[in-house]
Each structure stands twice: as C-alpha cells, then as structure tokens.
Amino acid sequence: MAVLVWVVLVMAVLYLLQKFLYLAIGLKSISYDRIFSSSRVYAGETVWMQETLSNRKRLPLPWLRVESQLPAQLVFKHREADMSINRGDQLQNHASLFSVPSYTEIVRKHEIVCPQRGKYRIASYTLSLGDVIGVTGKSIRQSADCEIVVLPKVKELSDFPLDARKYLQSVRSMISPVMEDHYYVAGIRPYRQGDSFRMVNWNATAKSGELLVHKRESMQDNDLTIILNAELHDSIHNLRTTQEIYEDAVSYAASAAQYIISGGGKIGFLYNGTVEGHSGMIFRVPVKSGASHMDRLLEAMAGFQPVTTLGLTYLLEPIGRGTDTRT
Amino acid sequence: MKGSLTPRSSGIGKMVWRIFVELMIWLPLVLIFTTKMEVRDRVITVGIILLFIALGLLVNRFPPLWRRLAMISIIIALIGLGIGQYTNLLPVFLWLGIVLWRGRFVTLGHWHYGLAFCVCCAGLIVGSKVGAWADYRIAFIVLAVVWVVQFFYVLNRGLVENAGLHNGILTSPVKKASRNYLLIFLAIGVVVIALTASYGERWLTPKQVKWERPTGQIEQPIPPPESMDMPDWMNELAKKQGKPSVLWDYVFWALIAAGAYGVFWFVRLGWKERRTWREIIRLIRAWFLREKKAEELPYVEEHRSLRKEKKEGQSFFDSLFRRHGRKVNWDQLSNPEKVRRLYEEAIMTGIEQGYTFRPSDTPSETLEGLETWREALPTSSKKEKNVDYWSRFLQIRRVLLKLYEKAKYSPHEVTSQEAESLKEQISDR
C-alpha cells in the first residue's frame, strides 16, 4: 500500500511542480500580434487575418488559447459553423487554439470576407494557458491595435439606373477639353489634331513660330456635389428606408464619385448624418479632384452611420438661398 | 471528460473492449474473491461477472423507462437473493449490482480510472493482511500505475477538449502535441517512481517494534549453566576467527577504481559520441513531431524556429570542457572573426607595451587612443618592440576600424578578400 501512496505522492508533486512552473513563467516571452493583410478593402472583398504567436523561451506550451471579440460583420470563409465563433448582432467571439513548442513562431492566417462597409477595430484579446496535464492556468488580457476599413462597394456604371447613368456621363463629358462649346477666349494653347482653322490665333502663331489656337473658357459648371440623405424615415411620403437601401445609396454615391474623379472631374460631398467618431457634425467636403481626395472620401464614407444630424431640408435651405458659401 | 483506452472500433469491438476494461477495473477484487476456489469455480465466477457487465451494457440500450425498471428489478432480485438464500454472499451480490449499474457508462471518463486505482489500493490493503494473497501484490501495483497513467491520459484529453471549447478550433496537431507533452510528463513520473519506489515504501511504512513483557522470565528465571568453561569443540572455531585478510581491502579498492574508470570511460565515450547522441535526440524529437496525415484546416499555418543557429562549441557543456586561452586557428575563423582577431591583437599588443585600455571607449576611440599613445612615446622606446608592426598599424588604422565596425555591428558580410587583405597589410606578408 505504501508503494501506491508513494506513486500518488510522486505524481502529485510532479503535477504541482509543473503547475507552478507554468504559472510562474508560462506566459513570459510570449508575444501575440494580429494584423490584416490589407488595412483598406472594398465591401465584398476577401482579406487575410494573420495571427502571429511567438514563444521565445525553452518551456513549450501544450496549449494556448487566444480569444477576442471581432465585429460580427467580418465573416470567416472556412468552416465557420464548426469554429468557435459565436456571432451576435454587433460582435462575435473568436478563439484560436495553439500548441507552441519552445523557440517557435506560429503564423496562422484566416480568410475573411468583408460584406459590409465600416471601420472595424479589435481592441483586446485574452491569452489563456494550459499546463502539461491540460488544466487551464494563467490568463491575461492584452490590448490590441488592429483595424480594418471596409470601403463602400463601388458599382459599375452599368449598374446605375438609366437616368443617373446619363447624367453622370454628361457631367463627365463636360470635362473633356476637346468639346469647347463656349465663346470667351481665355488664352492660347498649342494646336491639336482636329482643331478648326478658325480657332488658330495667327498673331500668336506668327510671333512664336508655332501653330497656336485660342483656348476658350468653360462657361458650364461641371463640378459635381453629391448630397446623401441620412434620414431613413420620409415623413412627407410616410416611407421608411431600410438599412439595405441606405447601404445601396452609400454605394451609389461612392461609385458616382469614383466615376467622376477617375475621369478627371471634381467631386464635393454633403451628408446630413453622423460620421463615426464625429457625432453631431455635418459632413461637408468641398469640391476637389484627385485620387487622394477620392481616398479620403471613401474612408469617410466607410464611417457613415444612418443617424440624422440635421434634417435635409434645413441643410439645403441656406444653400438654396445662396447664403451658405461653404459647400 | 470521457474516454477509454482505445475505443476506436466497431460497435461490437467497442463493447468487447469496454467489457474487458470493466473486468480489469475489478480484477483485484475478483482475484481476491476467487483465491481459494478451484479452477472450475473460478472460471464460472469470472463468467458471471462478465455476464453482468454485458447485461449492464445491454440494459443501457433499452428506452429510459424500461432501462430503469429492468435495473431496479435485477438489483432488487440480487439483494433479495443475498438476504434470503445466500446471506454470506450478500456483499458479492451488491457488487454485481454495482457492476450492472455501471453499464450506463458507455465510455469511461477519468474518474473511472480513479475508481480502478482505488480498487487496486483496496486489493493491496486486503492482500497485505492475508499471506495467500501476497503473490498478487506486484500485479496490483503494476495495474495501479497503469490506471494512474490512464487517468492522466483521459483527463488530458478531456481538458484539451474543454480548452478547445468543444468546437472545431481543437485540431489534431494541437491534440497530438498536447498528448506528447503529457507522455513526457508521465514518462518522467514513471522513471521517478521506478527509481524511488523502494525508498518511498521504506519511508512510508511505519517501523514495527516487537515488545513483550518479560513477566514469564521474571517469574521463572533461566538457571545459570553449571560450568562456564568453553567446550572443546569451540576451541577450533575460535582459532579460525582471525583478522580479515588485507586482500579484501585491495580487492575493494580495485573494484572502486575499476568502477571509477568505467564511469570516466562512459563519460568520455558519451562526449566523443555527442554527435550520435544529438542525432538520437533529433530522431526522437522528429518522431514526436511527425505528421501522419495532413488535416484539412480552416486556416493556413506556418511554423518558424526562433532558435538561433548555434555554432559548434557554444553550448553549456562545451564551455565546461573548453580549454581557456587556447586560440582557434586562423583558418577556422569566419571572416568577421578574423577581423575581430586582428583588432584584438592590436589592442593586446598595445596593452602589453603599456597602453591603458578603457572598456568604455568605442572602437574608434580605442584605435585613436592607440595611435595617440604610440605617437606620444619617446623615440627610444619606439625602437624597442614591434616597430614595424606599429608603423603598419598606423597606416591601416582606418581600414581596420571600418572593417571591425562592419564585422561587429553591420548586417553586411565581411568578405574573405577583405579579411585576408587586412591580414596581409598588418603582417606585411
């Protein structure tokens, strides 16, 4: 009997020793990082979420669980049903289980689909450790700085309704320098193939020895300001706009802006709703052109929320009166 | 935390295995109970026990109501039989009832193996009281150790399942790795138990002191012998008992020396064959970390070792046996080491001749200090030693500094041409 008591005693002592060892240094020299393969993606695109776990010590970790709360809008592509992802309306719990040998770095990549636009942040994660037997030991909570911006989906021009398509095409065509359909001369420019000989400025040509033509100033305003209404309830027609329609509207606005700017045009934006991180303010962007302007617009649109800051009527009234010069 | 020894087979196979494990759990009690029986009776008893185990598993397959009714009926019948007919066998009937009831556990959890260990302990306690059961002692101990191992194994499996939150995140590589670590733990435990079991038994067994009241002796004292003289036949024995031969001492010390030489030889052999040992360890490690079948994982995973590549002779044991002060041959050095050797030689030559080395100085300051120190020396002392060396050193000081900084701090490699060229310049070959 004494032998069996000794067996129990030895196993208990060994168990306690390894338990204390894992409690003392189990989570030392452990680093965990989580990043997305791209910080900006368009809605509907796929991105890789990369988890990097390093164990920089001799003691191996039989199992280490990393738990975090991810936005529910990020959808795991593979085996979502089997994985420990309990989805809610806003957040979902995600857990990863690792077994980390000594001096080893593990990189694990999950494929994620981002169906909805938005700015998604992972603020913290919890690391839990198991000892050799498998008993859960120490847990620590660490802050994280991991963000992904899902930009609104950009539609093709062919997806627009016919009227909107015609209008956008007309706006973009106005920008063409070839079609100068106005009267006032703004200066001179070199001759281009197709210019009428009536346009040639002979005096300037004689002076410079190079064929120069009149450059005419555009009299038409070809700048486009997009106004997006955040009011989901239309009290005049007693209609309620659904979230899907609102998302569609944001997507159309982004697509229109993209179409015009890609054609060299200028875009301004007016939104009477809340932008994430700037509640209570009207989103007003002056007319500008260029890719960087488009990037800023798309990033801002990723944070649009269907919460009205000011009724559209009140917003447009000063513009209509011409008193508001900020637009 | 459910599990069994190896229940990965068909339904019948699984049931047969389950019956076998259940029999093994109760084996100590079965053996003790059937010690005094004839072989035929023994076989019949074991058969009855197996029948009850199988009956328990069979009853478990009934619908819940029928299962409970059948179970209650059989147990009441057993108790009734024990009370009415075989009063002395009532505990045995109760035990059979328990065996029957245990049929509800299709798979065995860790606590079942704890129960098996307790049964072994009970068997040992009972066995120690009766001499006829002493033969089973070793078997019970071995069986108990097996149950302890199995207890940890099943416990680990259940705990790892819990760690995986009973979802798909517990993949087979994680499961295997966790099991391997447990096996190492159990192996260490078994080795420690094997090495210390006898000591532990002695330590834990209370010393038995036999003491009898010598009342009888006091009441009836033994009469003293009539004659105290030594009988004749004992004289011969007394002559033979002399001082032990000194030869035995020599033999003893010779054996000790041979043993010491054997230990030394073994250590030397181990040291010489350290590559072989490392290879064996590497093979064992590779065996533990082997991947049998690629599992389809919902993610992509990459492993990278963070262990820095160790050079030959950098381990702890190497440092114990290293001869200090022995310089490695120039040809065995890597290019950065060659540059550092030349830098070290320059500093050491300066120190030997009186230069005060300051560890806080940067390499640039040190070489500049060497140059200043050398120039400040009086002309007579300059002619004494290494005049040529110093003149060459002063010419290539900047090159040496540049290469030394490159070798020590820069991520760029020092080429062999650079190292050899520096060596030629400084030694004027």
Side-chain angles (χ1 to χ4, degrees), chain A residues 1-11 13-15 18 48-52 54-58 60-65 67 76-86 93-111 128 130-136, chain B residues 117 120-121 124-125 128 137 140-141 144-145 148 152 155-171 173-178 180-182 184-186 188-189 192-193 196-205 289 296-308:
Chain A
M1 182 61 193
V3 176
L4 291 187
V5 174
W6 184 250
V7 168
V8 173
L9 211 64
V10 166
M11 294 311 285
V13 168
L14 284 177
Y15 168 73
Q18 63 87 29
W48 288 92
M49 187 180 79
Q50 181 176 307
E51 297 177 277
T52 308
S54 314
N55 178 19
R56 294 174 193 277
K57 62 175 181 298
R58 282 186 190 277
L61 306 176
W63 64 259
L64 183 99
R65 189 175 60 222
E67 291 169 277
F76 284 81
K77 205 170 179 179
H78 296 291
R79 268 175 58 181
E80 189 192 352
D82 297 339
M83 290 183 71
S84 181
I85 303 163
N86 304 313
N93 291 317
H94 174 256
S96 291
L97 195 69
F98 298 86
S99 181
V100 201
S102 58
Y103 291 109
T104 302
E105 183 180 82
I106 297 175
V107 178
R108 192 175 280 184
K109 294 173 186 173
H110 305 267
E111 205 172 3
S128 307
D131 59 17
V132 173
I133 307 299
V135 180
T136 310
Chain B
F117 179 79
C120 282
C121 289
L124 262 182
I125 292 169
S128 64
R137 191 169 169 272
F140 289 172
I141 290 171
V145 172
V148 168
F152 278 109
L155 180 67
N156 171 261
R157 192 155 66 190
L159 288 169
V160 173
E161 286 283 345
N162 284 346
L165 307 172
H166 298 280
N167 276 307
I169 61 167
L170 177 59
T171 52
V174 174
K175 222 184 283 184
K176 275 180 197 168
S178 181
N180 289 341
Y181 292 125
L182 178 82
I184 292 168
F185 171 80
L186 291 176
I188 292 170
V192 171
I193 288 165
T196 60
S198 60
Y199 167 76
E201 191 181 14
R202 258 186 291 141
W203 188 53
L204 291 172
T205 308
L289 298 175
E296 196 180 333
L297 298 171
Y299 46 76
V300 181
E301 193 168 283
E302 295 164 12
H303 284 237
R304 189 170 73 87
S305 174
L306 299 173
R307 200 182 296 274
K308 286 177 185 168

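Throughout, a chain's letter reflects where its sequence line sits, starting with A, and its residues are numbered from 1. Keep in mind that the numbers below use all heavy atoms, side chains included, and drop hydrogens, waters and symmetry copies.
- With contacts defined as side-chain heavy-atom distances shorter than 4.5 Å, the pair B/F117/A/V8 qualifies.
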- Task: Report the C-alpha distance between B/K175 and A/W63 in whole Å, list the side-chain angles of each, state the deciding distance to 0.1 Å, and finish with yes or no for side-chain contact (heavy atoms from CB on, under 4.5 Å).
- Result: CA-CA 9 Å; B/K175 222 184 283 184; A/W63 64 259; over 6 Å; no
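- The choice from A/R65, A/R108, A/Q50, A/E111 that makes the most heavy-atom pairs within less than 4.5 Å of chain B is A/R108.
- Residue contact with chain B, scored on non-hydrogen atoms closer than 4.5 Å, is absent for A/E51.
- When heavy atoms are compared at a cutoff of 4.5 Å, A/V132 approaches chain B by way of both its backbone and its side chain.
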- Task: Go through the steps to decide whether A/K109 and B/E302 satisfy the test salt bridge (charged side-chain N to carboxylate O under 4.0 Å, His left out), and finish with yes or no.
- Result: CA-CA 9 Å; A/K109 294 173 186 173; B/E302 295 164 12; 3.5 Å; yes
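- Taken from CZ in B/F152 to OH in A/Y15, the straight-line distance is 8.5 Å, to the nearest 0.5 Å.
- Listed options B/N180, B/T196, B/V192, B/I184 were ranked by heavy-atom pairs under 4.5 angstrom with chain A; first place goes to B/T196.
- Heavy-atom distances place no part of A/V13 under 4.5 Å from chain B, backbone and side chain included.
- In terms of heavy-atom proximity, B/V148 sits nearest to A/V7 at CG2-CG1, 4.1 Å.
- The NE2 atom of B/H303 sits 9.0 Å away from the CZ atom of A/F98 when rounded to the nearest 0.5 Å.
- Contacts between A/S128 and chain B at a heavy-atom distance below 4.5 Å are absent for every atom of the residue.
- Comparing B/A197, B/S198, B/C120, B/C121 by heavy-atom pairs within less than 4.5 Å of chain A, the highest count is held by B/C121.
- The heavy-atom pair separating A/P101 from B/Y181 by the smallest distance is CA-OH, 3.5 Å.
- Scanning all heavy atoms of the two residues, the minimum distance from B/A163 to A/L97 falls at O-CD1, 3.8 Å.
- In this structure the side chain of B/R304 never reaches within 4.5 angstrom of the side chain of A/Y103, judged on heavy atoms.
- With a threshold of 4.5 angstrom between heavy atoms, B/R137 approaches chain A through side-chain atoms but not through N, CA, C or O.
- Annotation for A/S99 and B/A177: closest pair OG-CB, 3.0 Å, computed over non-hydrogen atoms.
- Here the closest heavy-atom approach between residue A/L4 and residue B/A144 is recorded as CD2-CB, 3.2 Å.
- From B/S178, atom OG reaches atom CD1 of A/I133 across 9.0 Å, with rounding to the nearest 0.5 Å.
- Of the two parts of A/L61, only the backbone, made up of N, CA, C and O, holds a non-hydrogen atom closer than 4.5 Å to a non-hydrogen atom of chain B.
- Both the backbone and the side chain of A/T104 come within less than 4.5 Å of a heavy atom of chain B.
- Of the atoms belonging to A/D131, not a single heavy atom falls under 4.5 Å from chain B.
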